[in-house]
There are 2 protein chains.
Amino acid sequence: MSSARARRLTHTDLDKVSLQAALEALADPVRRSIVRQLAASPDWARACGMFDLGVTKATISHHFSVLRNAGLIEQRDEGQRRLNRLRSEEFERRFPGLLRLVVEDNRTGKPTSGDEPGE
Amino acid sequence: MSSARARRLTHTDLDKVSLQAALEALADPVRRSIVRQLAASPDWARACGMFDLGVTKATISHHFSVLRNAGLIEQRDEGQRRLNRLRSEEFERRFPGLLRLVVEDNRTGKPTSGDEPGE
DNA sequence: TGACATGTTCGATGGCGATCATACACTATT
DNA sequence: AATAGTGTATGATCGCCATCGAACATGTCA
């Protein structure tokens with residue numbers, strides 16, 4: 001008796017996730033921010049709207065979809081909210097070490113300087 | 001007495017490479033193919049032209065530049081050729097586990113024909 | 001029922017990056 | 001010097017993706 005909403009939630013088998021998809025998912029700074037914030041919270045503690053990101057809810061929804069398809073998160077509906085958890089163990093088994101790099105990364109954005117061509 | 005050509009070769013301090021830059025560099029299938037082929041060869045064994053990629057030399061040159069700026073490869077001029085090596089240890093220290101994921105990945109992401117020579 | 005809250009879907013837009021062809025630069029050889 | 005080999009720089013094109021606003025769907029509560 002899943003709700004009509006939850007029925008649309010399909011989660012990915014990690015064995016079917018390509019390295020390409022994983023890297024593309026994590027190459028976006030907004031998505032890495034989501035992953036880091038999830039890693040800092042207990043499972044199912046945060047709904048999609050409760051993230052500190054600088055984009056609209058439409059964009060947020062898009063990013064969550066990408067993360068879900070890449071096997072990085074699991075989602076569950078609870079009332080009006082869609083709760084999230086990081087699929088840490090499963091993702092770690094499929095891509096050892098990768099999640100740790102993202103979670104422990106302190107520098108958020110682009111590099112500071114100096115790698116421009118020319119010079 | 002470096003040549004005029006080699007003088008333009010600037011290599012990156014791995015501490016200055018952001019995770020963002022590393023992931024962006026490795027998110028491209030052509031660049032991952034270069035990395036894999038480099039990992040399968042001894043250091044300095046392969047010049048830029050000696051890679052089995054489906055793109056023109058201008059594009060190849062661009063990809064090598066990206067890999068160099070991301071701290072993934074080191075380049076050295078030898079006569080007319082520009083030889084390459086993978087900065088395995090340094091990159092591993094900076095991003096533990098990441099290079100291994102790329103090197104040991106069998107699926108190429110795009111099911112094109114055999115993009116890797118040998119196996 | 002209506003009002004509100006939370007997310008998704010849709011269509012459009014803007015920017016960035018991968019790619020190419022061409023021209024250029026450097027090296028080695030003759 | 002002339003030529004051939006190798007890689008880079010430049011300018012243009014094209015496609016994709018992050019982003020947005022608006023409309024829609026779903027769920028809760030008065």
Side-chain angles (χ1 to χ4, degrees), chain A residues 1-11 20-21 23-34 44-70 73-84 109-111 115-119, chain B residues 1-11 20-34 44-51 53-70 73-84 109-110 112 115:
Chain A
M1 56 171 278
S2 56
S3 70
R5 196 155 176 243
R7 220 168 299 136
R8 280 186 226 126
L9 270 182
T10 63
H11 289 96
Q20 176 76 35
L23 292 176
E24 278 174 354
L26 293 174
D28 185 277
V30 174
R31 289 194 283 267
R32 284 202 309 283
S33 181
I34 293 175
W44 310 119
R46 313 192 67 157
C48 296
M50 303 178 157
F51 283 79
D52 211 8
L53 315 161
V55 292
T56 67
K57 59 179 185 172
T59 302
I60 292 180
S61 179
H62 163 65
H63 285 309
F64 272 94
S65 168
V66 173
L67 289 174
R68 201 176 57 236
N69 287 117
I73 64 170
E74 183 180 353
Q75 299 190 295
R76 193 184 86 199
D77 283 341
E78 179 126 340
Q80 324 168 0
R81 300 188 182 154
R82 182 155 287 186
L83 304 180
N84 303 277
K110 299 249 171 182
D115 62 345
E116 307 308 319
E119 139 66 21
Chain B
M1 61 164 285
S2 57
S3 70
R5 196 155 177 245
R7 221 168 299 137
R8 282 186 225 126
L9 269 184
T10 63
H11 288 96
Q20 175 77 36
L23 293 177
E24 279 175 354
L26 293 175
D28 185 276
V30 175
R31 289 195 283 266
R32 283 203 308 282
S33 181
I34 293 176
W44 310 120
R46 313 192 66 155
C48 296
M50 303 177 157
F51 283 79
L53 315 163
V55 292
T56 66
K57 60 177 184 172
T59 302
I60 293 182
S61 179
H62 164 64
H63 284 308
F64 272 94
S65 168
V66 172
L67 289 174
R68 202 176 58 236
N69 285 337
I73 64 169
E74 183 180 351
Q75 299 189 294
R76 193 184 85 200
D77 283 341
E78 180 124 338
Q80 323 167 0
R81 300 183 180 164
R82 179 156 288 186
L83 303 181
N84 303 275
K110 284 189 188 173
T112 68
D115 95 66

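Chain letters run A, B, ... following the sequence lines, proteins first and then strands; every chain starts at 1.
Taking atom CD1 of residue A/Ile34 and atom C1' of nucleotide D/dT19, one finds them 14 Å apart after rounding to whole Å. Going from atom CG of A/Asp28 over to atom C1' of D/dT19 covers 11 Å, rounded to whole Å. The nearest whole Å value for the distance from the CD atom in A/Gln20 to the P atom in D/dC16 is 14 Å. If you measure from atom CD1 of A/Ile73 to atom P of C/dG7, you get 12 Å, rounded to the nearest angstrom. Atoms CZ (A/Arg46) and P (C/dT6) sit 14 Å apart, rounded to a whole Å. To the nearest angstrom, C1' of C/dT8 lies 14 Å from CG of A/Asn69. Rounded to whole Å, atom C1' of D/dT8 lies 14 Å from atom CG of B/Asn84. What separates CG of A/Leu67 from C1' of C/dG7 is a distance of 15 Å, to the nearest Å.
Contact between A/His63 and A/Ile34 at its shortest, heavy atoms only, is CB-CD1, 4.0 Å. Scanning all heavy atoms of the two residues, the minimum distance from A/Gln75 to A/Leu9 falls at O-CD1, 3.5 Å.
When each of A/Gly79 and A/Arg31 is assigned the nucleotide of DNA chain D bearing its nearest heavy atom, the one mapping closer to the 5' terminus is A/Arg31. Judged by closest nucleotide on DNA chain D, A/Ala58 is the one of A/Glu78 and A/Ala58 placed further toward the 5' end.
Closest to the side chain of B/Ser61, out of D/dT19, D/dG7, C/dA21, is D/dG7. Here the nucleotide nearest the side chain of A/Thr56, chosen from D/dT8, D/dC20, C/dT19, is D/dC20. The nucleotide whose nearest atom lies closest to any side-chain atom of B/Lys57 is, among C/dG7, D/dT6, D/dG21, D/dT6. Each of C/dA18, D/dC20, C/dA28 was ranked by its minimum atom distance to the side chain of B/Gln80; first place goes to C/dA28. Nearest to the side-chain atoms of B/Ala47 among the listed nucleotides C/dG7, C/dA21, D/dG7 stands D/dG7.
Not one side-chain nitrogen or oxygen of B/Arg82 sits closer than 4.0 Å to the OP1 or OP2 atom of C/dC26. Between A/Arg81 and D/dT28, a side-chain N or O to OP1/OP2 separation shorter than 4.0 Å is absent. Between B/Thr59 and C/dA18, a side-chain N or O to OP1/OP2 separation shorter than 4.0 Å is absent. The side chain of A/His63 contributes an N or O atom lying less than 4.0 Å from OP1 or OP2 of D/dT19.
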Side chains of residues 48-57 of chain A: which donor-acceptor pairs under 3.5 Å do they make with residues two or more places apart or in other chains?
unit_1	atom_1	unit_2	atom_2	d
A/Thr56	OG1	A/Thr59	OG1	3.4

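The line from CG of B/Leu67 to CD1 of B/Ile73 is 5.0 Å long, rounded to the nearest 0.5 Å.
A/Arg76 has a carboxylate O that lies under 4.0 Å from a charged side-chain N of A/Glu78, or vice versa, which qualifies the two as a salt bridge.
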